[in-house]
Amino acid sequence: MPPSSIFVAQEIKTYEEWAREVTIVLSILVLVVLIAILIFQRRRLLEPTAKWLCLLGIVVLPIFIWITGTFTVFRMGERAEFCGSCHPVMDPYINDLRDPKSQTLAAIHGTNRFIPEGQCYACHVTYGIYGTAHAKRNGLSHAWKYYTGTWKLPIKLYDPYANINCTHCHAGAKRFEQEESHVALADELKSGQTSCMSCHTPAHPPQPTKRVGAGRTG
Amino acid sequence: MRWIITAFESWSEETKRTILLVAIALAAVYALVTIVSMVKLTALTMLLFVNAQLLLVLSILCYIVVIIMTREGVTRQHFEPGAVIFRQGETGNQVYVIVSGEVEVVQDRPGPGDPVIARLGPGQFFGEMALIRAAPRVATVRSLTDLDVLVMQRGAFLSLFTYLPALRESFQRVVKERVAGIRAPAKPKG
């Protein structure tokens, strides 16, 4: 859902927004149960009533929190706003993504909502069963580097940009399939011998070469 | 596996309660971290949430350990000579029936006198007063020899106590005698 559209009457909550609210409510419930145990059962902790309450507050509810919380973190973590939370590194990319005047590939896909949500994730996660797992693992390492200030500019892709990230959406589309240059280069595009980026640039604005700002920017 | 459970069972009531308090504290921290992460999801809070799963695992493990240690029913337990079965002032949730060996019952009380108030042997039981009177242990019990006991948990004991009047009367008689013994002034040693 676009954040500020004059055509939208009401906000429609997504699954992850629901999951987030459920997780917060369950976490508060856990705290209430645990505080109740400490207030009313502290001297009888090993008795059945306290043990049942502990089962609820230590095992049952936290397992539900783990399920809904992990789902929320995984889905929210795919949003561009989340990538943008590493401000000094990602700000130029996120600002460009939202800039209606920009002509970069990212901005064209972002401002026209060709990719409605999770724009960074949609183009930078290798598709397939391991793609998401790799992205989450790399994401954890990125967060660690960011908060320990050990990141370096310019940031680089792990591997050359794979055409599958483009063809995953564009392949099969009439305009894409009928474009003469695509047809002529079909085999090379398929094998990765020619990159989509050879013609369709720039994907993003030029990278800053030195860190700006304070704190975690190093 | 059995020796692990036996090792857990020999821990004192205070230890078990402390472990449960640790489990509660870990679960509370986990809930707090989750709330913070969900209210403002950034790379940092996501890292916190992911790492907080370790707290959840530890908390559940602590809980499981306590549940194993305090499970209902009757189990057999062995104590080495000199081992303390329970201490005066602790909360009691078990009754012990001696299968083989001997124990001494020791009570801290003001004034001179022998703190040993009783010696018990095979077929005799101890630990029932805390359960029947819902009060802390009134004495410390220590094994004098290699000791094998049947440990009856509160639930099992109270079921027998409730549904078998003859057994109840027998227990009540013994408790009455022991209470009278405890209240009697301590005789000076020698």
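Model, not experiment: these values are computed from the prediction. Below, chains carry the letters A, B, ... as their sequence lines are ordered, and counting in each starts from 1.
More than 12 heavy atoms of other residues, nucleotides or ligands sit less than 6.0 Å from atom OH of A/Tyr158. More than 12 heavy atoms of other residues, nucleotides or ligands lie within 6.0 Å of CZ in B/Phe125, so this atom counts as buried by the packing criterion. Atom OH of A/Tyr161 sits in a crowded spot, with more than 12 heavy atoms from other residues, nucleotides or ligands closer than 6.0 Å. The number of heavy-atom neighbours closer than 6.0 Å to CZ of B/Arg168, taken from other residues, nucleotides and ligands shown, is above 12.
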The test is side-chain contact (heavy atoms from CB on, under 4.5 Å); show your working for A/Trp66 and B/Val57 and say whether it passes. CA-CA 11 Å; A/Trp66 173 68; B/Val57 172; over 6 Å; no

Applying side-chain contact (heavy atoms from CB on, under 4.5 Å) to A/Leu46 and B/Thr91, what does each step give before you reach the verdict? CA-CA 9 Å; A/Leu46 300 179; B/Thr91 308; over 6 Å; no

B/Met38 vs A/Val73, test: side-chain contact (heavy atoms from CB on, under 4.5 Å). Steps then yes/no. CA-CA 8 Å; B/Met38 293 298 131; A/Val73 164; 3.7 Å; yes

Step-by-step side-chain contact (heavy atoms from CB on, under 4.5 Å) determination, A/Val30 to B/Tyr30: CA-CA 9 Å; A/Val30 164; B/Tyr30 176 70; over 6 Å; no

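Across A/Leu29, A/Leu26, A/Leu61, A/Thr72, the residue that shares the most heavy-atom pairs under 4.5 angstrom with chain B is A/Thr72. With chain B as the partner, the residue from A/Thr70, A/Thr23, A/Leu55, A/Ile63 showing the most heavy-atom pairs under 4.5 Å is A/Leu55.
Heavy atoms only, all atoms of each residue included: A/Lys51 and B/Tyr63 are closest at O-OH, 2.9 Å. When all heavy atoms of B/Leu56 and A/Pro62 are compared, the closest pair comes out as CD1-CB, 3.2 Å.
Note that the CD1 atom of A/Ile58 and the CD1 atom of B/Ile60 stand 9.0 Å from one another [nearest 0.5 Å]. Here the straight-line distance linking atom CZ of A/Arg75 with atom CG of B/Leu41 works out to 13.0 Å at 0.5 Å rounding. Separating the CG atom in A/Leu140 from the CG atom in B/Asn51 is a distance of 7.5 Å, to the nearest 0.5 Å. Taking CG of A/Leu45 as the reference point, atom NZ of B/Lys16 lies at 13.0 Å (rounded to 0.5 Å). Atoms OG1 and OH, from B/Thr42 and A/Tyr146 in turn, are 8.5 Å apart once rounded to the nearest 0.5 Å. For the atom pair B/Leu44 CG and A/Ser85 OG, the distance stands at 9.0 Å (nearest 0.5 Å).
Only the side chain of A/Leu38 comes within less than 4.5 Å of a heavy atom in chain B; its backbone stays farther off. Proximity to chain B (any heavy atom under 4.5 Å) is shown, for A/Cys54, by both the backbone and the side chain. In this structure, chain A has no heavy atom under 4.5 Å from any part of B/Val33. With a threshold of 4.5 angstrom between heavy atoms, A/Arg79 does not approach chain B through any atom at all. Contact of A/Ile28 with chain B is made through backbone and side chain together, with heavy-atom distances under 4.5 Å.
Taking 4.5 Å as the limit, some side-chain heavy atom of B/Ile35 sits within range of a side-chain heavy atom of A/Leu31.
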